[in-house]
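Data block below; observations after.
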Amino acid sequence: MKISTARELFALRFYKWAVADARREIENDFPLLRGIKSDHNYRFLAFMWSLSSVNERIKYHSARLRRGFSDCAKLAGEEVSEDDKTLVSEMRNKIVMLLPPEHIVKAARKINRSVLRKKLKAEIAQNLGTLVRPTGATEWDFVTPVNGWVVETNVDTGGSFQIQYSHIIRWGGEERPGKGTWISEWPKRGLSWLLTATWDDLASSEDEIVKSFSACCSHFLKALPELLDGLVLDEDEVRSRGIEYESFEEIASRRPLTPDEEKAWHCKKLSDAGKSWLVPNYEKKQEAKRQDEESKGTTL
């Protein structure tokens, strides 16, 4: 299957799933969304609860999804209407003006971030995926293989929030985290349920955050086998186009690479680009560089 075809088919499936999932959340009074303790979420829920009926909530959020995922909606034969634009604009204007009661206790709720990180890592290892790459003291990645694809999830516990996460779905990325041809990534527009989420200082305990985080992640991960079913890329096209690597600068900006990682990264990149004949030259240059550095160190 061509990469462009796989991306379009996934986008169509995802959009239909997102519409159905939003309806499920609304009809059941937001069981998952209520667990994401953030100021924006409280404002969003306050707006939705201010509407007179379930059908009204579905109408506003359907417009929000069509506007936010307009390319996906178009694949489903849906166009963004003027009514949609009006509803989304009204929704945005009202949400920023709302101040839910929970907001006033925000500063009073504190958690132990060290305890939170330990519990998050334990939950990920047990139920969600395999930790593969720390990107700092407060941030790390884990991978979850699905039907030949891999979901790479970035978890960040630093900054002015308690935790946030986002996903990238890659072909052939399981053994090469951070590399591989991607089919979709989030945050993309920030309008999807459970694909990227932030908890700021509103949760009252570490266990409360871990439970909600795990529920949100696992909900989406469990949906992916059906969304990715049958999406197998044409390996000839993948090879001819070259694997879409992150740049060295992007990887190195998150954490220093060890000499062996840097060497493996460059050698693999040369091989996938059909330039494996340059690998020996690269290795000779690296060895000469190492010897030169050792020589300077001895002199000093």
Side-chain angles (χ1 to χ4, degrees), residues 1-24 61-81 84 88 128-129 132-133 141-155 164-197 216-247 250-251 268-269 271-274:
M1 180 180 295
K2 288 185 173 295
I3 295 172
S4 59
T5 303
R7 285 177 176 165
E8 285 192 357
L9 187 52
F10 179 83
L12 175 60
R13 291 176 180 178
F14 162 73
Y15 177 73
K16 290 181 176 180
W17 172 82
V19 170
D21 200 59
R23 178 180 286 272
R24 175 198 55 75
H61 197 70
S62 295
R64 191 178 189 225
L65 282 173
R66 275 192 296 275
R67 183 73 186 270
F69 292 96
S70 57
D71 291 341
C72 301
K74 192 175 293 184
L75 293 171
E78 299 178 17
E79 296 287 344
V80 179
S81 67
D84 289 336
V88 172
L128 297 175
V132 293
R133 184 177 63 219
D141 296 339
F142 69 89
V143 295
T144 311
V146 181
N147 293 357
W149 297 81
V150 64
V151 186
E152 184 178 324
T153 305
N154 176 264
V155 182
Q164 69 178 19
Y165 74 87
S166 59
H167 297 304
I168 297 177
I169 304 173
R170 302 182 187 275
W171 174 257
E174 183 179 353
E175 296 178 357
R176 302 185 297 279
K179 307 170 185 177
T181 302
W182 60 269
I183 192 171
S184 199
E185 60 183 320
W186 294 275
K188 197 168 186 179
R189 292 185 182 271
L191 298 180
S192 51
W193 305 97
L194 314 174
L195 302 176
T196 176
C216 290
C217 276
S218 61
H219 179 70
F220 179 58
L221 292 174
K222 287 175 182 176
L224 274 175
E226 185 174 346
L227 298 180
L228 293 169
D229 184 45
L231 303 188
V232 179
L233 296 188
D234 184 334
E235 292 290 352
D236 289 337
E237 183 190 9
V238 172
R239 282 193 294 270
S240 68
R241 291 179 55 171
I243 290 183
E244 298 176 12
Y245 288 95
E246 287 180 307
S247 69
E250 286 176 317
I251 297 175
K268 182 66 177 171
K269 186 174 181 180
S271 296
D272 286 335

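Each residue takes its place number in the sequence, starting with 1.
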Between [X] and [Y], is any pair of side-chain heavy atoms under 4.5 Å apart?
| X | Y | answer |
| --- | --- | --- |
| Arg23 | Ser62 | no |
| Phe10 | Ile169 | yes |
| Glu8 | Leu12 | no |
| Leu231 | Asn147 | no |
| Met1 | Val232 | no |

Response to the item:
Paired with Phe69, the ring pair (Phe, Tyr, Trp, His ring centres under 6.0 Å) test is passed by just one of Trp17, Phe14, Tyr15, namely Phe14
Worksheet item: Residues two or more places apart in sequence or in another chain: which of them pass side-chain hydrogen bond (donor to acceptor under 3.5 Å, both in side chains) with Ser81?
Response: Asp84
Practice prompt. Work out which heavy atom in Leu65 is nearest to a heavy atom in Ala22; give both atom names and the distance.
Written response: CD1-CB, 4.1 Å
Fill in: Shortest non-hydrogen separation from Leu128 to Thr144 and the atoms involved
O-OG1, 2.7 Å
Pairwise distance [atom1]([X]) to [atom2]([Y]) - rounded to 0.5 angstrom:
| X | Y | atom1 | atom2 | value |
| --- | --- | --- | --- | --- |
| Ser4 | Leu233 | OG | CG | 10.0 Å |
| Glu78 | Ser70 | CD | OG | 11.5 Å |
| Leu75 | Arg13 | CG | CZ | 12.5 Å |
| Leu227 | Phe220 | CG | CZ | 6.5 Å |
| Arg66 | Lys74 | CZ | NZ | 14.0 Å |
| Leu224 | His219 | CG | NE2 | 10.5 Å |

Worksheet, complete the sentence: Lys222 meets the side chain to side chain contact (heavy atoms under 4.5 Å, CB included) criterion, sequence neighbours left out, with Ser218
